[in-house]
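Chain A is the first sequence line, chain B the second, and so forth, proteins listed ahead of strands; every chain is numbered from 1.
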Amino acid sequence: MNKITNFIITDIIKNKIIIIYTVILALFSWSVLSLEDNTAKAMLSLLNIILLAVPLMAVIFSTIYMYNSSEFIELLVSQPIKRKTIWLSHFAGLSISLSIAFILGIGLPIVVYSPDAAGFSILLMGLFITPIFIAIAMLCSILARDKARGIGIAIMVWLFLSLIYDGIVLYLMFQFADYPIEKPMVIMSALNPIDLARIMVLLKVDVSALMGYTGAIFKQIFGSQIGWIISLGLLTFWIVIPMWFSLIKFKNKDL
Amino acid sequence: MIRIEGLKKSFGKSEVLKDINLQLKRGQCIGLIGPNACGKTTLIKSILSMVLPNDGTIYFDQKSIAGDETYKNKIGYMPQIGRYPENMSIIQVIDMIKSIRQFDGQTDEELWVAFGLEQAKHKKMRTLSGGTTQKVSATLAFLFSPDVLILDEPTAGLDPLASEILREKIIMERQKGKLILITSHLLNELDDLLTDVIYMQDGKIVFFKNTDELLAMSNHGRISKAIGHYIKSAAV
(Lines give C-alpha, C1' and ligand atoms only; values in the text may rest on other atoms or scores of the structure.)
Protein backbone atom coordinates (compact mmCIF):
# COMPACT_ATOMS: atom_id res chain seq x y z
CA MET A 1 0.00 0.00 0.00
CA ASN A 2 2.79 2.45 0.92
CA LYS A 3 4.51 2.05 -2.41
CA ILE A 4 1.41 2.90 -4.41
CA THR A 5 0.56 5.80 -2.09
CA ASN A 6 4.10 7.15 -2.42
CA PHE A 7 3.92 6.80 -6.13
CA ILE A 8 0.62 8.71 -6.30
CA ILE A 9 1.90 11.51 -4.07
CA THR A 10 5.00 12.04 -6.25
CA ASP A 11 2.79 11.93 -9.33
CA ILE A 12 0.47 14.60 -7.88
CA ILE A 13 3.35 16.84 -6.81
CA LYS A 14 4.83 16.64 -10.32
CA ASN A 15 1.47 17.85 -11.56
CA LYS A 16 1.93 21.59 -10.97
CA ILE A 17 -1.73 22.31 -10.15
CA ILE A 18 -1.25 21.30 -6.53
CA ILE A 19 1.58 23.83 -6.17
CA ILE A 20 -0.58 26.59 -7.64
CA TYR A 21 -3.34 25.58 -5.20
CA THR A 22 -0.91 25.90 -2.28
CA VAL A 23 0.29 29.31 -3.47
CA ILE A 24 -3.27 30.62 -3.91
CA LEU A 25 -4.29 29.42 -0.45
CA ALA A 26 -1.17 31.06 0.98
CA LEU A 27 -1.85 34.36 -0.83
CA PHE A 28 -5.42 34.43 0.48
CA SER A 29 -4.55 33.66 4.05
CA TRP A 30 -1.45 35.88 4.33
CA SER A 31 -3.29 38.85 2.85
CA VAL A 32 -6.49 38.38 4.88
CA LEU A 33 -4.60 37.86 8.14
CA SER A 34 -2.11 40.68 7.67
CA LEU A 35 -4.54 43.29 6.32
CA GLU A 36 -7.31 42.83 8.89
CA ASP A 37 -6.65 44.15 12.38
CA ASN A 38 -9.59 42.41 13.96
CA THR A 39 -8.59 38.76 14.19
CA ALA A 40 -12.16 37.51 14.55
CA LYS A 41 -13.18 39.28 11.35
CA ALA A 42 -10.10 37.99 9.55
CA MET A 43 -10.94 34.48 10.68
CA LEU A 44 -14.46 34.80 9.32
CA SER A 45 -13.22 35.93 5.89
CA LEU A 46 -10.69 33.13 5.85
CA LEU A 47 -13.34 30.62 6.88
CA ASN A 48 -15.63 31.64 4.03
CA ILE A 49 -12.85 31.30 1.48
CA ILE A 50 -11.81 27.93 2.85
CA LEU A 51 -15.30 26.50 2.91
CA LEU A 52 -15.82 27.45 -0.71
CA ALA A 53 -12.42 26.80 -2.28
CA VAL A 54 -11.16 23.74 -0.42
CA PRO A 55 -14.11 21.43 -1.17
CA LEU A 56 -14.25 22.63 -4.78
CA MET A 57 -10.57 21.96 -5.35
CA ALA A 58 -10.72 18.59 -3.57
CA VAL A 59 -13.76 17.37 -5.47
CA ILE A 60 -12.74 18.47 -8.99
CA PHE A 61 -9.08 17.58 -8.74
CA SER A 62 -9.78 14.14 -7.28
CA THR A 63 -12.50 13.25 -9.75
CA ILE A 64 -10.31 14.13 -12.72
CA TYR A 65 -7.33 12.41 -11.15
CA MET A 66 -9.32 9.20 -10.67
CA TYR A 67 -10.46 9.18 -14.29
CA ASN A 68 -6.92 9.83 -15.52
CA SER A 69 -5.69 7.06 -13.28
CA SER A 70 -7.89 4.43 -14.91
CA GLU A 71 -5.01 2.98 -16.96
CA PHE A 72 -2.83 2.81 -13.89
CA ILE A 73 -5.61 1.09 -11.95
CA GLU A 74 -6.10 -1.42 -14.76
CA LEU A 75 -2.40 -2.20 -14.77
CA LEU A 76 -2.37 -2.67 -10.99
CA VAL A 77 -5.41 -4.97 -11.01
CA SER A 78 -3.60 -7.39 -13.33
CA GLN A 79 -0.79 -7.54 -10.76
CA PRO A 80 -0.90 -9.40 -7.44
CA ILE A 81 -2.38 -6.51 -5.45
CA LYS A 82 -5.66 -6.45 -3.57
CA ARG A 83 -8.28 -4.19 -5.09
CA LYS A 84 -8.88 -2.74 -1.65
CA THR A 85 -5.22 -1.73 -1.43
CA ILE A 86 -5.35 -0.06 -4.84
CA TRP A 87 -8.43 1.96 -3.94
CA LEU A 88 -7.36 2.97 -0.44
CA SER A 89 -3.89 3.91 -1.72
CA HIS A 90 -5.49 6.32 -4.14
CA PHE A 91 -7.54 7.81 -1.32
CA ALA A 92 -4.50 8.08 0.92
CA GLY A 93 -2.35 9.58 -1.83
CA LEU A 94 -4.91 12.23 -2.72
CA SER A 95 -5.72 13.04 0.93
CA ILE A 96 -2.12 13.35 2.00
CA SER A 97 -1.07 15.56 -0.89
CA LEU A 98 -4.09 17.88 -0.74
CA SER A 99 -3.82 18.08 3.06
CA ILE A 100 -0.14 19.00 2.83
CA ALA A 101 -1.07 21.76 0.37
CA PHE A 102 -3.72 22.98 2.82
CA ILE A 103 -1.35 22.93 5.80
CA LEU A 104 1.34 24.81 3.88
CA GLY A 105 -1.08 27.34 2.44
CA ILE A 106 -3.39 27.99 5.41
CA GLY A 107 -1.67 26.38 8.38
CA LEU A 108 1.55 28.39 8.34
CA PRO A 109 -0.08 31.86 8.38
CA ILE A 110 -2.56 30.73 11.01
CA VAL A 111 0.22 29.52 13.28
CA VAL A 112 2.00 32.86 12.79
CA TYR A 113 -0.98 35.21 13.19
CA SER A 114 -3.59 33.43 15.22
CA PRO A 115 -2.36 30.34 17.06
CA ASP A 116 -5.51 30.07 19.18
CA ALA A 117 -8.56 27.82 19.43
CA ALA A 118 -10.26 29.50 16.47
CA GLY A 119 -7.17 29.14 14.27
CA PHE A 120 -6.69 25.50 15.06
CA SER A 121 -10.37 24.73 14.60
CA ILE A 122 -10.14 26.20 11.07
CA LEU A 123 -7.14 23.99 10.40
CA LEU A 124 -8.85 20.91 11.79
CA MET A 125 -12.01 21.51 9.75
CA GLY A 126 -9.96 21.97 6.58
CA LEU A 127 -8.28 18.67 7.28
CA PHE A 128 -11.70 17.03 7.56
CA ILE A 129 -13.31 18.76 4.58
CA THR A 130 -10.46 17.74 2.24
CA PRO A 131 -10.77 13.95 2.65
CA ILE A 132 -14.59 14.20 2.79
CA PHE A 133 -14.69 15.70 -0.67
CA ILE A 134 -12.02 13.33 -1.96
CA ALA A 135 -14.17 10.41 -0.81
CA ILE A 136 -17.21 11.97 -2.54
CA ALA A 137 -15.14 12.50 -5.69
CA MET A 138 -14.00 8.88 -5.71
CA LEU A 139 -17.59 7.73 -5.32
CA CYS A 140 -18.68 9.93 -8.26
CA SER A 141 -15.84 8.62 -10.41
CA ILE A 142 -16.84 5.02 -9.80
CA LEU A 143 -20.58 5.63 -10.25
CA ALA A 144 -20.24 7.11 -13.75
CA ARG A 145 -18.12 5.48 -16.43
CA ASP A 146 -18.27 8.63 -18.52
CA LYS A 147 -15.77 11.26 -17.46
CA ALA A 148 -17.87 14.35 -18.23
CA ARG A 149 -20.80 12.87 -16.37
CA GLY A 150 -18.72 11.93 -13.34
CA ILE A 151 -17.20 15.40 -13.08
CA GLY A 152 -20.68 16.88 -13.55
CA ILE A 153 -22.09 14.83 -10.68
CA ALA A 154 -19.15 15.79 -8.46
CA ILE A 155 -19.67 19.51 -9.13
CA MET A 156 -23.42 19.16 -8.51
CA VAL A 157 -22.73 17.56 -5.13
CA TRP A 158 -20.38 20.41 -4.24
CA LEU A 159 -22.90 23.01 -5.43
CA PHE A 160 -25.65 21.36 -3.42
CA LEU A 161 -23.66 21.09 -0.19
CA SER A 162 -22.08 24.52 -0.31
CA LEU A 163 -24.88 26.71 -1.75
CA ILE A 164 -28.22 25.04 -2.42
CA TYR A 165 -28.45 23.35 0.96
CA ASP A 166 -28.01 26.66 2.75
CA GLY A 167 -30.67 28.15 0.53
CA ILE A 168 -33.11 25.44 1.51
CA VAL A 169 -32.29 25.88 5.19
CA LEU A 170 -32.81 29.65 4.95
CA TYR A 171 -36.07 29.21 3.07
CA LEU A 172 -37.40 26.82 5.71
CA MET A 173 -36.27 29.16 8.44
CA PHE A 174 -38.30 32.04 7.00
CA GLN A 175 -41.30 29.89 6.23
CA PHE A 176 -41.48 28.43 9.71
CA ALA A 177 -40.22 31.45 11.59
CA ASP A 178 -43.26 31.40 13.86
CA TYR A 179 -42.58 27.89 15.09
CA PRO A 180 -39.87 26.58 17.42
CA ILE A 181 -37.54 25.44 14.65
CA GLU A 182 -34.24 25.55 16.50
CA LYS A 183 -33.93 21.80 16.98
CA PRO A 184 -34.67 20.87 13.35
CA MET A 185 -32.27 23.64 12.30
CA VAL A 186 -29.51 22.14 14.38
CA ILE A 187 -30.14 18.72 12.89
CA MET A 188 -30.22 20.03 9.33
CA SER A 189 -26.98 21.93 9.81
CA ALA A 190 -25.31 18.95 11.36
CA LEU A 191 -26.11 16.80 8.33
CA ASN A 192 -24.13 18.99 5.93
CA PRO A 193 -20.36 18.72 6.46
CA ILE A 194 -19.71 22.26 5.24
CA ASP A 195 -22.33 23.78 7.54
CA LEU A 196 -21.13 21.70 10.41
CA ALA A 197 -17.54 22.79 9.85
CA ARG A 198 -18.66 26.43 9.69
CA ILE A 199 -20.55 26.15 12.98
CA MET A 200 -17.64 24.45 14.71
CA VAL A 201 -15.34 27.31 13.75
CA LEU A 202 -17.87 30.09 14.47
CA LEU A 203 -18.33 28.82 18.00
CA LYS A 204 -14.59 29.10 18.59
CA VAL A 205 -14.38 32.56 17.02
CA ASP A 206 -16.98 33.64 19.55
CA VAL A 207 -19.24 35.54 17.24
CA SER A 208 -22.08 33.17 18.05
CA ALA A 209 -23.46 35.93 20.30
CA LEU A 210 -24.33 37.71 17.06
CA MET A 211 -26.43 34.80 15.91
CA GLY A 212 -29.23 35.44 18.39
CA TYR A 213 -31.38 32.75 19.96
CA THR A 214 -30.48 30.13 17.35
CA GLY A 215 -26.84 30.88 18.05
CA ALA A 216 -27.38 30.23 21.71
CA ILE A 217 -28.98 26.88 20.94
CA PHE A 218 -26.06 26.01 18.67
CA LYS A 219 -23.64 26.99 21.38
CA GLN A 220 -25.51 24.91 23.89
CA ILE A 221 -25.49 21.82 21.69
CA PHE A 222 -22.23 22.03 19.74
CA GLY A 223 -20.22 24.00 22.26
CA SER A 224 -20.03 21.21 24.79
CA GLN A 225 -17.41 18.52 24.71
CA ILE A 226 -19.96 15.91 23.73
CA GLY A 227 -21.09 18.24 20.94
CA TRP A 228 -17.53 18.35 19.60
CA ILE A 229 -17.18 14.61 19.75
CA ILE A 230 -20.51 14.12 17.96
CA SER A 231 -19.57 16.65 15.28
CA LEU A 232 -16.19 15.05 14.66
CA GLY A 233 -17.97 11.71 14.54
CA LEU A 234 -20.40 13.05 11.91
CA LEU A 235 -17.53 14.42 9.84
CA THR A 236 -15.76 11.08 10.07
CA PHE A 237 -18.94 9.42 8.82
CA TRP A 238 -18.82 11.72 5.80
CA ILE A 239 -15.41 10.27 4.97
CA VAL A 240 -16.15 6.64 5.79
CA ILE A 241 -19.54 6.20 4.13
CA PRO A 242 -18.75 7.46 0.59
CA MET A 243 -15.42 5.65 0.80
CA TRP A 244 -17.07 2.41 1.86
CA PHE A 245 -19.66 2.58 -0.93
CA SER A 246 -17.05 3.37 -3.55
CA LEU A 247 -14.84 0.53 -2.33
CA ILE A 248 -17.70 -1.98 -2.65
CA LYS A 249 -18.40 -0.65 -6.14
CA PHE A 250 -14.73 -0.88 -7.10
CA LYS A 251 -14.36 -4.42 -5.78
CA ASN A 252 -17.19 -5.52 -8.08
CA LYS A 253 -16.15 -3.52 -11.12
CA ASP A 254 -15.23 -5.19 -14.40
CA LEU A 255 -12.15 -3.62 -15.90
CA MET B 1 -3.14 -25.91 -12.92
CA ILE B 2 -6.13 -23.77 -13.87
CA ARG B 3 -9.58 -25.27 -13.60
CA ILE B 4 -12.70 -23.41 -14.66
CA GLU B 5 -16.11 -24.67 -13.61
CA GLY B 6 -19.43 -23.42 -14.90
CA LEU B 7 -18.17 -19.91 -15.65
CA LYS B 8 -20.87 -17.48 -16.70
CA LYS B 9 -20.64 -13.78 -17.42
CA SER B 10 -22.99 -11.29 -18.97
CA PHE B 11 -22.62 -7.58 -19.57
CA GLY B 12 -26.11 -6.17 -19.27
CA LYS B 13 -28.29 -8.29 -21.47
CA SER B 14 -25.61 -9.84 -23.63
CA GLU B 15 -24.31 -13.16 -22.38
CA VAL B 16 -20.61 -13.22 -23.09
CA LEU B 17 -19.61 -16.47 -21.44
CA LYS B 18 -22.11 -19.32 -21.24
CA ASP B 19 -21.10 -22.08 -18.89
CA ILE B 20 -17.39 -22.51 -19.60
CA ASN B 21 -15.66 -25.62 -18.23
CA LEU B 22 -11.95 -26.07 -18.78
CA GLN B 23 -8.93 -27.74 -17.31
CA LEU B 24 -5.53 -26.35 -18.27
CA LYS B 25 -2.36 -28.17 -17.33
CA ARG B 26 1.30 -27.35 -16.97
CA GLY B 27 3.33 -27.82 -20.14
CA GLN B 28 0.43 -27.01 -22.42
CA CYS B 29 0.68 -24.24 -24.94
CA ILE B 30 -2.90 -23.47 -25.76
CA GLY B 31 -4.27 -21.43 -28.59
CA LEU B 32 -7.56 -19.79 -27.70
CA ILE B 33 -9.18 -19.00 -30.99
CA GLY B 34 -12.55 -17.97 -32.29
CA PRO B 35 -14.29 -15.18 -34.16
CA ASN B 36 -14.41 -11.60 -32.87
CA ALA B 37 -16.56 -11.01 -29.79
CA CYS B 38 -16.74 -14.69 -28.90
CA GLY B 39 -15.60 -14.06 -25.32
CA LYS B 40 -11.88 -14.80 -25.54
CA THR B 41 -10.71 -11.64 -23.82
CA THR B 42 -13.48 -11.86 -21.21
CA LEU B 43 -12.39 -15.42 -20.41
CA ILE B 44 -8.79 -14.28 -20.00
CA LYS B 45 -9.77 -11.30 -17.89
CA SER B 46 -11.86 -13.60 -15.70
CA ILE B 47 -8.80 -15.74 -15.04
CA LEU B 48 -7.02 -12.57 -13.90
CA SER B 49 -10.13 -11.52 -11.93
CA MET B 50 -10.21 -8.25 -13.81
CA VAL B 51 -13.70 -9.29 -14.85
CA LEU B 52 -15.74 -10.87 -12.08
CA PRO B 53 -17.95 -13.79 -13.13
CA ASN B 54 -21.69 -13.92 -12.48
CA ASP B 55 -21.50 -17.59 -11.73
CA GLY B 56 -18.97 -20.39 -11.60
CA THR B 57 -15.53 -20.77 -10.04
CA ILE B 58 -11.97 -20.60 -11.28
CA TYR B 59 -9.36 -22.64 -9.43
CA PHE B 60 -5.65 -21.91 -9.62
CA ASP B 61 -3.56 -24.77 -8.21
CA GLN B 62 -6.74 -26.22 -6.63
CA LYS B 63 -7.53 -22.96 -4.84
CA SER B 64 -10.44 -20.74 -5.79
CA ILE B 65 -9.22 -17.36 -7.01
CA ALA B 66 -12.22 -15.46 -5.61
CA GLY B 67 -10.96 -12.88 -3.10
CA ASP B 68 -7.38 -13.98 -3.55
CA GLU B 69 -4.66 -12.11 -5.39
CA THR B 70 -1.45 -13.93 -4.47
CA TYR B 71 -1.95 -16.36 -7.36
CA LYS B 72 -1.25 -13.50 -9.76
CA ASN B 73 2.39 -13.70 -8.68
CA LYS B 74 2.55 -16.77 -10.89
CA ILE B 75 0.93 -15.16 -13.93
CA GLY B 76 2.43 -12.99 -16.60
CA TYR B 77 -0.23 -11.15 -18.56
CA MET B 78 0.14 -9.35 -21.84
CA PRO B 79 -3.04 -7.41 -22.64
CA GLN B 80 -4.41 -6.91 -26.12
CA ILE B 81 -4.18 -3.15 -25.76
CA GLY B 82 -1.79 -2.23 -22.99
CA ARG B 83 -2.93 0.84 -21.11
CA TYR B 84 -0.27 2.56 -19.05
CA PRO B 85 -0.02 5.80 -17.06
CA GLU B 86 0.75 8.34 -19.77
CA ASN B 87 3.20 10.49 -17.86
CA MET B 88 5.51 7.66 -16.92
CA SER B 89 8.55 6.65 -18.92
CA ILE B 90 9.10 3.03 -19.93
CA ILE B 91 11.73 2.44 -17.28
CA GLN B 92 9.52 3.98 -14.58
CA VAL B 93 6.69 1.60 -15.44
CA ILE B 94 9.03 -1.39 -15.31
CA ASP B 95 10.65 -0.27 -12.05
CA MET B 96 7.28 0.39 -10.46
CA ILE B 97 5.95 -3.07 -11.29
CA LYS B 98 9.20 -4.58 -10.05
CA SER B 99 8.90 -2.81 -6.71
CA ILE B 100 5.22 -3.72 -6.37
CA ARG B 101 5.72 -7.41 -7.14
CA GLN B 102 8.49 -7.86 -4.55
CA PHE B 103 10.10 -10.49 -6.70
CA ASP B 104 13.10 -12.22 -5.13
CA GLY B 105 14.57 -14.11 -8.05
CA GLN B 106 16.47 -12.94 -11.09
CA THR B 107 14.26 -10.99 -13.48
CA ASP B 108 14.15 -12.16 -17.07
CA GLU B 109 15.28 -9.20 -19.17
CA GLU B 110 15.80 -11.12 -22.40
CA LEU B 111 12.94 -9.43 -24.22
CA TRP B 112 13.95 -6.03 -22.89
CA VAL B 113 17.33 -6.48 -24.57
CA ALA B 114 16.03 -8.19 -27.70
CA PHE B 115 13.42 -5.51 -28.36
CA GLY B 116 16.00 -2.77 -27.85
CA LEU B 117 13.92 -1.00 -25.23
CA GLU B 118 17.08 0.09 -23.40
CA GLN B 119 17.60 2.84 -26.00
CA ALA B 120 14.04 4.10 -25.61
CA LYS B 121 13.68 3.70 -21.86
CA HIS B 122 13.23 7.39 -21.03
CA LYS B 123 10.42 7.90 -23.51
CA LYS B 124 7.02 8.67 -22.02
CA MET B 125 4.33 6.03 -22.45
CA ARG B 126 1.98 8.42 -24.27
CA THR B 127 4.53 9.08 -27.00
CA LEU B 128 5.02 5.40 -27.82
CA SER B 129 3.65 3.75 -30.93
CA GLY B 130 1.25 0.83 -30.60
CA GLY B 131 4.02 -1.63 -31.42
CA THR B 132 6.41 -0.27 -28.81
CA THR B 133 3.66 -0.35 -26.20
CA GLN B 134 3.15 -4.02 -27.08
CA LYS B 135 6.87 -4.61 -26.59
CA VAL B 136 6.64 -3.11 -23.11
CA SER B 137 3.62 -5.32 -22.35
CA ALA B 138 5.48 -8.42 -23.54
CA THR B 139 8.56 -7.54 -21.49
CA LEU B 140 6.41 -7.10 -18.39
CA ALA B 141 4.63 -10.41 -18.96
CA PHE B 142 7.89 -12.38 -19.13
CA LEU B 143 9.84 -10.30 -16.58
CA PHE B 144 9.22 -12.41 -13.49
CA SER B 145 9.53 -15.86 -15.13
CA PRO B 146 5.94 -16.73 -14.18
CA ASP B 147 4.59 -20.29 -14.32
CA VAL B 148 1.64 -19.20 -16.41
CA LEU B 149 1.75 -16.85 -19.36
CA ILE B 150 -1.42 -15.31 -20.70
CA LEU B 151 -0.93 -13.51 -23.98
CA ASP B 152 -3.88 -11.72 -25.55
CA GLU B 153 -3.20 -11.15 -29.25
CA PRO B 154 0.55 -10.98 -28.62
CA THR B 155 1.65 -10.32 -32.17
CA ALA B 156 -0.99 -7.74 -33.11
CA GLY B 157 0.83 -4.51 -33.88
CA LEU B 158 4.31 -5.98 -33.69
CA ASP B 159 6.58 -5.79 -36.71
CA PRO B 160 7.68 -9.12 -38.24
CA LEU B 161 11.06 -8.97 -36.57
CA ALA B 162 9.65 -8.37 -33.10
CA SER B 163 6.97 -11.00 -33.73
CA GLU B 164 9.69 -13.51 -34.45
CA ILE B 165 11.59 -12.59 -31.27
CA LEU B 166 8.43 -13.07 -29.24
CA ARG B 167 7.74 -16.42 -30.94
CA GLU B 168 11.20 -17.69 -30.10
CA LYS B 169 10.69 -16.59 -26.53
CA ILE B 170 7.34 -18.37 -26.30
CA ILE B 171 8.90 -21.58 -27.63
CA MET B 172 11.71 -21.33 -25.07
CA GLU B 173 9.27 -20.84 -22.21
CA ARG B 174 7.14 -23.73 -23.45
CA GLN B 175 10.13 -26.00 -23.21
CA LYS B 176 10.48 -25.06 -19.53
CA GLY B 177 7.11 -26.70 -18.93
CA LYS B 178 5.02 -23.59 -18.40
CA LEU B 179 1.36 -23.17 -19.12
CA ILE B 180 0.91 -20.73 -21.97
CA LEU B 181 -2.42 -19.40 -23.14
CA ILE B 182 -2.45 -17.40 -26.37
CA THR B 183 -5.35 -15.82 -28.17
CA SER B 184 -5.08 -14.85 -31.78
CA HIS B 185 -7.09 -14.53 -34.96
CA LEU B 186 -4.07 -15.24 -37.05
CA LEU B 187 -3.91 -19.00 -37.08
CA ASN B 188 -0.89 -19.28 -39.32
CA GLU B 189 1.36 -17.64 -36.78
CA LEU B 190 0.57 -20.18 -34.13
CA ASP B 191 1.14 -23.28 -36.21
CA ASP B 192 4.30 -24.67 -34.67
CA LEU B 193 3.77 -23.21 -31.21
CA LEU B 194 0.71 -24.91 -29.94
CA THR B 195 0.13 -28.19 -28.19
CA ASP B 196 -3.63 -27.69 -27.83
CA VAL B 197 -6.37 -25.63 -29.36
CA ILE B 198 -9.53 -24.23 -27.77
CA TYR B 199 -12.12 -23.04 -30.22
CA MET B 200 -14.76 -20.65 -28.86
CA GLN B 201 -17.89 -19.35 -30.46
CA ASP B 202 -20.73 -17.24 -29.00
CA GLY B 203 -19.43 -17.62 -25.47
CA LYS B 204 -19.22 -21.40 -25.66
CA ILE B 205 -16.37 -23.78 -26.15
CA VAL B 206 -16.81 -25.65 -29.40
CA PHE B 207 -13.83 -27.93 -28.92
CA PHE B 208 -10.66 -28.34 -26.90
CA LYS B 209 -8.29 -30.70 -28.66
CA ASN B 210 -4.69 -31.72 -28.89
CA THR B 211 -3.04 -30.49 -32.07
CA ASP B 212 -1.84 -33.99 -33.02
CA GLU B 213 -5.37 -35.24 -32.72
CA LEU B 214 -6.63 -32.39 -34.89
CA LEU B 215 -4.02 -33.03 -37.52
CA ALA B 216 -4.78 -36.73 -37.56
CA MET B 217 -8.46 -36.06 -38.14
CA SER B 218 -7.83 -34.14 -41.31
CA ASN B 219 -5.16 -34.79 -43.86
CA HIS B 220 -3.92 -31.22 -43.87
CA GLY B 221 -0.45 -30.65 -42.56
CA ARG B 222 -1.20 -27.32 -40.93
CA ILE B 223 -3.17 -26.65 -37.78
CA SER B 224 -4.90 -23.65 -39.30
CA LYS B 225 -6.32 -25.76 -42.11
CA ALA B 226 -7.14 -28.63 -39.82
CA ILE B 227 -9.20 -26.32 -37.60
CA GLY B 228 -11.08 -24.98 -40.60
CA HIS B 229 -11.68 -28.52 -41.72
CA TYR B 230 -12.91 -29.56 -38.29
CA ILE B 231 -15.34 -26.62 -38.01
CA LYS B 232 -16.80 -27.35 -41.41
CA SER B 233 -17.22 -31.03 -40.73
CA ALA B 234 -18.79 -30.29 -37.34
CA ALA B 235 -21.27 -27.95 -38.97
CA VAL B 236 -22.36 -30.69 -41.35
Side-chain angles (χ1 to χ4, degrees), chain A residues 1-19 61-90 92-94 97 141-147 246-255, chain B residues 9-12 16-17 41-42 44-54 60 65-89 92-103 124-126 133 136-137 140-141 143-144 146 150 152:
Chain A
M1 172 144 177
N2 286 333
K3 273 182 194 137
I4 305 174
T5 307
N6 273 342
F7 172 78
I8 291 169
I9 293 173
T10 32
D11 187 49
I12 291 176
I13 291 173
K14 262 194 259 166
N15 181 329
K16 311 236 164 25
I17 294 297
I18 195 100
I19 296 167
F61 183 80
S62 312
T63 315
I64 296 175
Y65 189 82
M66 289 314 287
Y67 279 107
N68 286 350
S69 196
S70 67
E71 290 104 6
F72 182 51
I73 291 175
E74 204 175 306
L75 178 66
L76 291 179
V77 169
S78 73
Q79 300 296 324
I81 307 163
K82 280 195 170 75
R83 285 194 179 203
K84 190 176 168 184
T85 311
I86 298 172
W87 200 245
L88 294 183
S89 305
H90 274 82
L94 282 165
S97 40
S141 74
I142 196 98
L143 285 179
R145 241 175 207 279
D146 181 57
K147 198 173 181 173
S246 66
L247 183 61
I248 291 177
K249 271 273 176 196
F250 179 65
K251 276 185 170 177
N252 295 313
K253 194 185 177 195
D254 293 322
L255 291 156
Chain B
K9 178 69 194 176
S10 41
F11 293 117
V16 183
L17 297 178
T41 299
T42 309
I44 279 178
K45 285 192 166 183
S46 309
I47 295 175
L48 285 156
S49 57
M50 293 172 81
V51 166
L52 304 164
N54 298 119
F60 191 95
I65 63 165
D68 185 23
E69 72 293 324
T70 48
Y71 78 98
K72 288 186 206 164
N73 274 314
K74 295 184 185 159
I75 297 184
Y77 168 56
M78 176 175 173
Q80 190 170 4
I81 302 160
R83 306 211 308 147
Y84 298 94
E86 293 188 343
N87 291 320
M88 288 173 85
S89 64
Q92 280 173 327
V93 170
I94 304 262
D95 284 345
M96 184 191 63
I97 300 294
K98 272 186 192 166
S99 80
I100 285 171
R101 287 252 324 214
Q102 296 170 323
F103 181 66
K124 299 271 186 231
M125 292 308 292
R126 72 166 171 274
T133 310
V136 176
S137 299
L140 275 177
L143 198 59
F144 305 98
I150 297 180
D152 197 356

Seminar exercise, completed: Taken to the nearest 0.5 Å, the spacing of B:Asn87 CG from A:Glu71 CD works out to 10.0 Å
Problem set entry | B:Ile97 versus chain A, the contacting section by heavy-atom distance below 4.5 Å | side chain
Seminar exercise, completed: In terms of heavy-atom contacts, B:Pro85 and A:Leu75 come closest through CD-CD2, 4.2 Å
Problem set entry | Rounded distance [0.5 Å steps], CD1 in A:Ile86 versus CD1 in B:Ile100 | 8.5 Å
Exercise. Tell me, side chain or backbone of B:Phe11 under 4.5 Å from chain A's heavy atoms, or both, or neither?
Worked result: side chain
Seminar exercise, completed: When rounded to the nearest 0.5 Å, the distance separating CD of A:Glu74 from CD1 of B:Ile81 is 9.5 Å
Exercise. Between A:Phe7 and chain B, which part of the residue has a heavy atom less than 4.5 Å away: side chain, backbone, both or neither?
Worked result: side chain
Exercise. Does B:Glu69 offer a backbone N or O that forms a donor-acceptor pair with the side chain of A:Lys82 under 3.5 Å?
Worked result: no
Exercise. So what's closer than 4.5 Å to chain A heavy atoms on B:Thr42: side chain, backbone, both or neither?
Worked result: neither
Problem set entry | Gap separating the CE atom of B:Met50 from the CD1 atom of A:Ile73, nearest 0.5 angstrom | 11.0 Å
Seminar exercise, completed: So CG of A:Asp254 and NZ of B:Lys45: to nearest 0.5 Å the spacing works out to 9.0 Å
For this session: Could you tell me which portion of B:Met96 (side chain, backbone, both or neither) has an atom closer than 4.5 angstrom to a non-hydrogen atom of chain A?
Result: side chain
Problem set entry | From A:Arg83, A:Lys251, A:Lys253, residue fulfilling side chain to side chain contact (heavy atoms under 4.5 Å, CB included) relative to B:Leu52 | A:Arg83
Exercise. Looking at A:Pro80 and B:Asn73, what are the two nearest heavy atoms and their distance?
Worked result: CG-OD1, 3.0 Å
Problem set entry | Atom group of B:Tyr77 that falls short of 4.5 Å from chain A, counting heavy atoms | side chain
For this session: Would you mind checking which part of B:Lys9 comes under 4.5 Å of any heavy atom in chain A, side chain (CB onward), backbone (N, CA, C, O), both or neither?
Result: side chain
